[in-house]
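Because the structure is a prediction, the values reported are computed rather than measured. To find a chain, count down the sequence lines: A is the first, B the second, and so on, and within it residues start at 1.
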Number of protein chains: 2
Amino acid sequence: MEKRATIKDVAEAAGVGVATVSRVLSGGSASPRTRERVLAVAAQLDYRPSALGRNLRQRRTGGIGLLVPDLTDTFHAQLAEGVLACARPAGEPVVLGSTGGDPEQESELIGMLLEQSVDRLVAVPSGDEETWAPAIRAGMTVVFADRLPAGPPAADDDPAAAAVDDLLLLDGLAPAPPPPGRALDVPSVVADDRAGIRTAVRYLRGLGHKRIAFLGGPGHDRRAAAFREAVGAPVDEELVVFGTGSRDSAYAAASGLFQSRPDLSAVVAGGNVLGEAAVLAARELDLRVPRDVSLVMYDDVPWAELCSPPLTVIAQPGRDMGYRAAELVLRSGGRRQRSVVLPTELIIRGSCGPHR
Amino acid sequence: MEKRATIKDVAEAAGVGVATVSRVLSGGSASPRTRERVLAVAAQLDYRPSALGRNLRQRRTGGIGLLVPDLTDTFHAQLAEGVLACARPAGEPVVLGSTGGDPEQESELIGMLLEQSVDRLVAVPSGDEETWAPAIRAGMTVVFADRLPAGPPAADDDPAAAAVDDLLLLDGLAPAPPPPGRALDVPSVVADDRAGIRTAVRYLRGLGHKRIAFLGGPGHDRRAAAFREAVGAPVDEELVVFGTGSRDSAYAAASGLFQSRPDLSAVVAGGNVLGEAAVLAARELDLRVPRDVSLVMYDDVPWAELCSPPLTVIAQPGRDMGYRAAELVLRSGGRRQRSVVLPTELIIRGSCGPHR
DNA sequence: AAGCATGATGGAATCGTTTCCATGGAGAAG
DNA sequence: CTTCTCCATGGAAACGATTCCATCATGCTT
């Protein structure tokens, strides 16, 4: 419980000034003689500079914040591991927050990070651009991973927007995905959802499936849009359903989908929690996979192989995604970074069969 | 990008001294008139006290550290969520580190936390007591979760220790589990491994199984000991095998076990990663669960139900464990806390069958 | 009415670091 | 030999909060 040595102690013991010690320790210029002495004394006193003093002086906390909706979503855990893997060698502490998918909690956590002067942040956002504006305004360096915040409220009662969407859909084009950080100008690292979903839908089509459903969760809007695009007009909107984030709600959504539309023959789940729910709901309703219903799940997770049949998945590199995002946030010395889109891969296992 | 208002700005704008502002904001005494004015000004300037200044002054960083071996182990993710759930309402930031099960990395991360003056820590330890001694000596408040650090080196070449172990085993007693923090005097929150394992073994025995194996990972020594105790002498040590932490190594261990001992009829996996490996290895070797081999897995995770058959598990409350540990670490205002042992529950699903 | 207690208030020290600036000495160039 | 340059060095000022302590006003007691 002895208290730690400060730079002053080291200076005194080495018979030099504190400035010199600081310089030696942070690679400034110093004569070899003093450098050696200071180093020796520091080692002997087991001196470790206090991040507190440094941070205060430099008006910023080192380290990077990490905000995810839910760690028990294996994909987010993978992503977090990636961030940690990048931060560790850099000696940067990672401050973790889990938002539960709730924009309000997200907002609070951003506030907390701000208070801590954590000025670099990797986030899987839950809130919309409005939620994120304060962080940006405060000068945080933010990198979004896996998703982008939804655009401004985009009220349901905005007929113009809806019309545009329709038009685009009828043309077989995706509604323009929120342009990466147009409003916010924030770089991001995301998977190529469009290609991933398209590949999956084509694959299912190739197996003869006509009625394909999309089961999404919060933040899966881009995937849903990609799905609509891949399916092509006319989109049967009853086949695009969303859960709200909890496992229960995902299960309810899946179960509701299966029950309300017994005619569907294939499901694309927008994330592993949704995939899990789909398997469970199907089993409960005595639907057999893949005989009665085919299933493709977004996210490759270790347990996908454990299911029987093992799940066919759209793999996205969660760990890489986290790593790259952390890299971006660490490297951006103030200058803008380019966004990154990582490839997805359709891994065919056993959860899809021919349409009967 | 405007810089944040400081306490000085508020003081100036309110026409009072900084001391008064500080007092008002931290609940000290002040006249209603000034209090009101200061509050108004603070709100208007959107003032948020900087944790940096406060921490430096108080010589401690708020917040709590969290060290786990691997977040993609779903149990650790649950535990982490528990810690976060407790820390969030308290407004405490959580600094996360993942050690990969490597004592050396763990040591480095402890050093990093020390540097950050994070003085409260919840840890699922990987290293032994020697690894943890520095943290304790430095005055950190540590709470171990899920496991305790292994006792001192307990060198393989220490015949005395080995002999004692043998003796105890022959007596059908578990080698005394490292007394919770005897050497280290650190409180902990763990599951009742002994009861959990015993129940599982009895259950398997009840199904007629004679040759039961234990498949463990790093940190599962207490569970292995409990297993040995539950099985009773003589323990067939070939049936107690360990992986080193990675999924590959777990798979190798499981596969090796099945191949070297085709006579075994049931396996207790010491954790969900091991359970996953066991299912995979069994499938690869064309062993059917539960017809050819019965399986009980420690940890209840959402995907346990997805396997077919759904896995019978020893459930331990991961989220609670994290929550309680965080509570302990937050509440201990310097004074010692009592360790907590949480109950386990055998959840019978479909992965165990009668011995044939 | 004078002295005393009480409570609000602001100045200043403090925490441990980095960094600006002034100083001083040594070597080089004239 | 003088002057100029360069570099190592240490003192001191930040950074933004908390907190001790002195000051001052007010109201009460005697």
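Of the candidate nucleotides dT17(C), dA12(C), dT18(D), dT17(C) has the atom nearest to the side chain of Tyr47(A). Closest to the side chain of Thr6(B), from the set dT9(C), dG16(D), dT18(C), is dG16(D).
Across all strands shown, Gly53(B) has heavy atoms under 4.0 Å from base atoms, whether or not it also approaches the sugar-phosphate. Note on Ala30(B): only backbone sugar-phosphate atoms sit closer than 4.0 angstrom, heavy atoms only; bases stay farther off. Among the atoms of the strands shown, none is found under 4.0 Å from any heavy atom of Ser26(A). Within the nucleic acid shown, Leu56(B) comes within 4.0 Å of at least one base atom, counting heavy atoms only.
Spacing between atom CG of Leu25(B) and atom P of dG16(D) amounts to 16 Å, rounded to whole angstrom units. The nearest whole Å value for the distance from the CG atom in Asn55(A) to the C1' atom in dG16(D) is 13 Å. Atom C1' of nucleotide dG11(D) and atom CD of Glu12(A) are separated by 14 Å, given to the nearest angstrom. The distance from atom CZ of Arg60(B) to atom C1' of dG16(C) is 17 Å, rounded to the nearest whole Å. When rounded to the nearest whole Å, the span between CZ of Arg35(B) and P of dA8(C) equals 9 Å.
Phosphate proximity of dA8(C) to Arg23(B): absent, as no side-chain N or O sits under 4.0 Å from OP1 or OP2. Put simply, Ser22(B) has a side-chain N or O that comes within less than 4.0 Å of OP1 or OP2 on dT18(D). In this model, the phosphate group of dT9(C) is not approached by any side-chain N or O of Thr20(B) to a distance below 4.0 Å at OP1 or OP2. Using a 4.0 Å cut-off, no side-chain N or O of Arg59(A) falls inside it from OP1 or OP2 of dC15(D).
At a threshold of 4.0 Å, the pair Arg88(B)-Glu108(A) does not count as salt-bridged, since none of the basic side-chain nitrogens sits closer than that to a carboxylate oxygen.
Evaluation of atom-type donor-acceptor distances gives a pair under 3.5 Å for the side chain of Arg57(B) against the base of dT14(C).
Nearest-nucleotide mapping onto DNA chain D: of Arg54(B) and Ser31(A), the residue sitting toward the 5' end is Ser31(A).
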